[in-house]
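As a basis for the values below, the full set of heavy atoms in this structure was taken, side chains included, without hydrogen atoms, waters or symmetry mates.
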Number of protein chains: 6
Amino acid sequence: MKMGSAASSIASNSTQIVAVTPKDGPESIESHFDEAVSVFGVLDEVRKGELEQTDAYIVACFGDPGLYAARETTRAPVIGIAEASFHMATMISSRFSVVTTLSRTKIIAEHLLKNYGFSEHCRRVRAADIPVLDLEKDDGGRTLDIIISECLRAKKEDEIGAIVLGCGGMADLTPIISKEVGIPVIEGVTAAVKLAESLISLNLTTSKYGDWAFPPQKTLKGSVHSLSITDSYQQLNRRYISS
Amino acid sequence: MKMGSAASSIASNSTQIVAVTPKDGPESIESHFDEAVSVFGVLDEVRKGELEQTDAYIVACFGDPGLYAARETTRAPVIGIAEASFHMATMISSRFSVVTTLSRTKIIAEHLLKNYGFSEHCRRVRAADIPVLDLEKDDGGRTLDIIISECLRAKKEDEIGAIVLGCGGMADLTPIISKEVGIPVIEGVTAAVKLAESLISLNLTTSKYGDWAFPPQKTLKGSVHSLSITDSYQQLNRRYISS
Amino acid sequence: MKMGSAASSIASNSTQIVAVTPKDGPESIESHFDEAVSVFGVLDEVRKGELEQTDAYIVACFGDPGLYAARETTRAPVIGIAEASFHMATMISSRFSVVTTLSRTKIIAEHLLKNYGFSEHCRRVRAADIPVLDLEKDDGGRTLDIIISECLRAKKEDEIGAIVLGCGGMADLTPIISKEVGIPVIEGVTAAVKLAESLISLNLTTSKYGDWAFPPQKTLKGSVHSLSITDSYQQLNRRYISS
Amino acid sequence: MKMGSAASSIASNSTQIVAVTPKDGPESIESHFDEAVSVFGVLDEVRKGELEQTDAYIVACFGDPGLYAARETTRAPVIGIAEASFHMATMISSRFSVVTTLSRTKIIAEHLLKNYGFSEHCRRVRAADIPVLDLEKDDGGRTLDIIISECLRAKKEDEIGAIVLGCGGMADLTPIISKEVGIPVIEGVTAAVKLAESLISLNLTTSKYGDWAFPPQKTLKGSVHSLSITDSYQQLNRRYISS
Amino acid sequence: MKMGSAASSIASNSTQIVAVTPKDGPESIESHFDEAVSVFGVLDEVRKGELEQTDAYIVACFGDPGLYAARETTRAPVIGIAEASFHMATMISSRFSVVTTLSRTKIIAEHLLKNYGFSEHCRRVRAADIPVLDLEKDDGGRTLDIIISECLRAKKEDEIGAIVLGCGGMADLTPIISKEVGIPVIEGVTAAVKLAESLISLNLTTSKYGDWAFPPQKTLKGSVHSLSITDSYQQLNRRYISS
Amino acid sequence: MKMGSAASSIASNSTQIVAVTPKDGPESIESHFDEAVSVFGVLDEVRKGELEQTDAYIVACFGDPGLYAARETTRAPVIGIAEASFHMATMISSRFSVVTTLSRTKIIAEHLLKNYGFSEHCRRVRAADIPVLDLEKDDGGRTLDIIISECLRAKKEDEIGAIVLGCGGMADLTPIISKEVGIPVIEGVTAAVKLAESLISLNLTTSKYGDWAFPPQKTLKGSVHSLSITDSYQQLNRRYISS
């Protein structure tokens, strides 16, 4: 999986990247609906990760699906790749644009920018209008060319200093896009890895005081039953307190 | 179910209210996590509703979980009870406060207010600090008294003209709270029923042009498989076009 | 009067629409000045309506002139057609554009969007650049064509899901515009009727607690004398309290 | 009239202050309604002023009623006392508070602050809760004491550097309030005089390009007939162009 | 120096303009860096001015460099030419555009607009893309033509009523630009002179209560030593209190 | 120097921390003025650092003085400790408060929060009201106790999940404050080190396209002459391009 490779390539020696594709959900995320139905998988993987005492989680979809919910279920840092790339972009440019895949998902990026506080740092959210899975295809560079063209338009028209790539599937293309476009290009998967490592170094974990405290203990019905917040799940998380 | 009763009591004669509790998910929603895991049920019910040619949907949880995703999957209007109550509140008061259940969910209401554009119309989000299911208990009015006290504090301190009740479970209590507090009290379930009826009367349906168009056809894996967007599901929805 | 017809056509059976044109003021509203001088008529009609125990008022000019002042003078709901259309638009589309008459009135719509909280839901306020009264003329569909063209430009360029028509005079044209443009088109007069009916059903009236309380009793001088807030006017309004 | 005196006392030698009380409207402005019904008088006085080739107008009520409408009807600068005081306050303090008369009018100041862009410069709008006309009474300094107390509370609690007095009727009290409170106190009537003089010195007049252009020629019906925009009125204003 | 001439030409008879170019710093300001290194000169001149009991200061660079710092070091009003022009522009037009010199400094104007609260009053910040010192050259009107062309584009495209010139070096060109463009053109140096005179007339001085109080007494090291806040400097400023 | 120690203690093995105190400027930064006069030193140190091919810079004062100017003068990342702590805080808590030293500097933090986009993530900026240099004194823990008390008040009153320490001088106190307060406490110096390392790992450098491009070549006069942007300085920076 190329996102895992991108993550591993940037990680510190002491960091082990475990790349997982949730067993439940859509193959690509291209709508509010896809986002919504991918959350189950995100929460499921965090839950599994807790059993393995995972140090930090990265939600590797540009819509950061289930981010706050995931944070409630663990003390480990949870980083979304959209937020990660926005944070990084503001430190190396005063204004940036986002280049994402489908037009219909631009609104998702706009919502995130607003909620994270970066609306004014982003001049424009652009779409290359390519389906996410085309990023996986060997099409002789056609998809890559489309993305680069959109990035060049952003560079020329948007009064920006950097570009944020709006899809985790572009992770492996970042170096070549960056080279062709000639301005800094930020990609979220790698950015998130460094931010997660940073938080761990700083001994900063998701606050369990206030609205990201563990969810109230509760049995879930039906197909989401496996995610129930049980007493033993909460015990599991108490490991952090003793340490 | 008292939300269904509240809805029915306010509905027009020609409106049939079908109150359903999703078979999957939490019994009450008191965290980002509970919100997230309730979305499956919301989407599942809309899907079932489509088979029955439902005219409009109401998401009867104050966090409006899955609202945009649900809208993508149908042409019928989908109304959240939080948005419904905010819309109504601004038409009868220049400023309002929200009184919800648990403190930890105040942030959810704040996010909604911001995303819907009502942040400045709301002076304060307050919590009565009662678990949602206490609203179902027969406790001799103790829970009701706590809510009324918080509403009276809001009336006295917040420079408001109206109060929005921040939980669907308070639907049946609205008349008595309103009477005790002496200013307009808005409750979302009933508000949403009237807004849904209004949209239908106006022949206004969820726009299928732009970012709330039907989600791309896609097979979902694992536990969310039943929600897959298939060709036949999309056919189903084309009924609106022919008419 | 076509706005009255539009209103009546959408109203519930139990609702009686009384369409009035104030005897004072401009024939059309196309500037801040026209807005300002139309307020007398709005307040005068509400005052007359109170004698007839009117249940709700609609201010049928897209600038919502005198809205807050009118609300102070009655317990009955008062709905502006601009606010009504904005509320409805946000429930069926994530972003909309406004198509109004003259360019010089675009700023009025922008101010309303900002004050109501809908600035970010509206991508753009557009003007077809036609005088309001041209909407009354039989010009063989020329004016209609201009409006439709502007709506189609909005659909193509603005990344929207719906269009709000920015003039009450377009009320009767809505169905044909909607059909030609192929996305939901919201018109304020009809939207306001349904919102007014909704508030009445919900037993929600303009809050008299806080800044929309009845104005202080006061004798007005000169040409506005007839609007004076007298003791007997206030008595009149007390009917709501006893009931 | 004390506002006229305050204005004259601050005006340049070459400036003649003509203080007028409109013959139509309320004696004091204490609600949205009072604001609305005072606009006729404002527009009437500007119209009369145009016949006398007045160089600039000041709307001496803290709600700046009819400001944009008045600007449309003349090329001469029109300054509201609220805006005037906000402008001045931001140049001598990073944050200020407003102290006005009645609580119910606080919302009017909040709307102005928002529309003018000064919301974040104002920490708090406070009310001394005194009727406007009490400012005219000889009550042995009781009203003055109440205002000073509220100003001192603002100084102590609001983290401000200056106070804006939120009522034209306080114009003559400014020096004593300022002395007692010990921080800069800004009053709008005097501030507006200096801003009007400044604009005239700078040869800056209300832009007639765009949305403050003269209103379309139009005959008004009924009680506002005298304000009709006639051909001769527009001719009158063309004096500016020839010069 | 032409900025001095522009200032003198507009000043009241009783106002003496002392135009100074700091002995330290860049010849023109065309970047964040230039802004930063010009602050020393600004503070140095204010310090010298205090010895001469200067009544008010104008920072005559459109980035308003060192404005808040300068205000801390004196009770006299300190006005930046950017803020001055923004204030004036909002009183004669509902929306304006800025026309500045180099593209790279547009972000500086955007930051100021945001911090001063005028972001929504400004439709667009435009650059004529001319180096600042070209404004000093005798190039047969070429630079002037470029500026006028950009202003005309703003007039045509931006839906504005006025233009703000974004560089002090354009001060002498204002009358001709204004004449050619045909809408009000605001220039900051002259605007600042009138605002400074206004504040002095109003007896309003920089608040010394709160965050613009005199800086804590402190000896500065190295090349900025001469700016140290000493006891005698603070004594100097106490002159205002005794008076 | 304790900030250097804090930085070194958190840095990766491959990172060498060079802690420098500029030879010019104030000993502590407690006002807009102190900020302004510290910028010379910041720019001077970056210039020196460039000769040594420094990989990244940290501006270790909570006001982030000279941040944008410094960024213009180098391709290496430049991180301010205020921005660093804000970024980190938003990833582990939905809302935080800042606890800084003197009340008068609260406005500086408020400005930064606004410009960086974090205003809504920060509930409140608080001051412990201690002079910065008291942090250096051995006062038996008195200063520490005051800071902890303010943090505990923030925890209790502000509805937050984390606290940001608003002064670089608190760097060494973070572990003990964190332990006493019982919620995550973020400190900027250490946060900035990890962000700088992250950017370097990601091969992200300050964008030289757009408004953070190198400043125009220019000779500075007087005391800031040594900072002049010369041809050779620009050559120096071209090292990045060849590599």
query: Using the ring of each side chain (for Trp, its six-membered ring), is E:H87 parallel, tilted or perpendicular to D:H87, with breaks at 30° and 60°?
result: perpendicular
query: Any idea which of D:K208, D:E197, D:K194 has the most non-hydrogen atom pairs under 4.5 angstrom with chain E?
result: D:K194
- prompt: Contact part of E:L202 toward chain D, heavy-atom cut-off under 4.5 Å: side chain, backbone, both or neither?
  reply: both
- request: Would you confirm whether the ring centroid of D:Y116 sits within less than 6.0 angstrom of the ring centroid of E:F118?
  value: no
When D:G80, D:A191, D:S93, D:S119 are compared by non-hydrogen pairs under 4.5 Å with chain E, the top option: D:S93
message: Taking every non-hydrogen pair under 4.5 Å, which of E:R95, E:H121, E:E187 racks up the most with chain D?
response: E:H121
- prompt: Which atoms form the tightest heavy-atom contact between D:I10 and E:S201, and what is the distance?
  reply: CD1-O, 3.1 Å
field: Contacting moiety of D:N115, where chain E heavy atoms sit under 4.5 Å
entry: backbone
message: I'd like to check D:M91 versus E:P77 (side-chain heavy atoms, cut-off strictly below 4.5 Å). Are they in contact?
response: no
D:I186 CD1 to E:N203 CG distance, which is reported to the nearest 0.5 Å: 11.5 Å
message: Which atoms of E:E83 are under 4.5 Å from chain D, going by heavy atoms: the side chain, the backbone, both sets, or neither?
response: side chain
- request: Against chain E, label D:V185 side chain, backbone, both or neither, depending on which of its atoms sit under 4.5 Å from a heavy atom there.
  value: backbone
Pick from E:S12, E:A162, E:S198, E:S178 with the largest number of heavy-atom pairs that fall under 4.5 Å of chain D: E:S198
field: Under 3.5 Å donor-acceptor, D:Y209 side chain and E:K155 backbone
entry: yes
task: Let me know if E:I160 has heavy atoms under 4.5 Å from chain D in its side chain, its backbone, both or neither.
output: backbone
field: Heavy-atom side-chain proximity of D:S94 to E:W212 below 4.5 angstrom
entry: yes
Region of D:A213 in contact with chain E, defined by heavy-atom distances below 4.5 Å: neither
- request: Begin from the C-alpha positions of E:T205 and D:I92 and carry the test side chain to side chain contact (heavy atoms under 4.5 Å, CB included) through to its verdict.
  value: CA-CA 6 Å; E:T205 51; D:I92 57 165; 6.0 Å; no
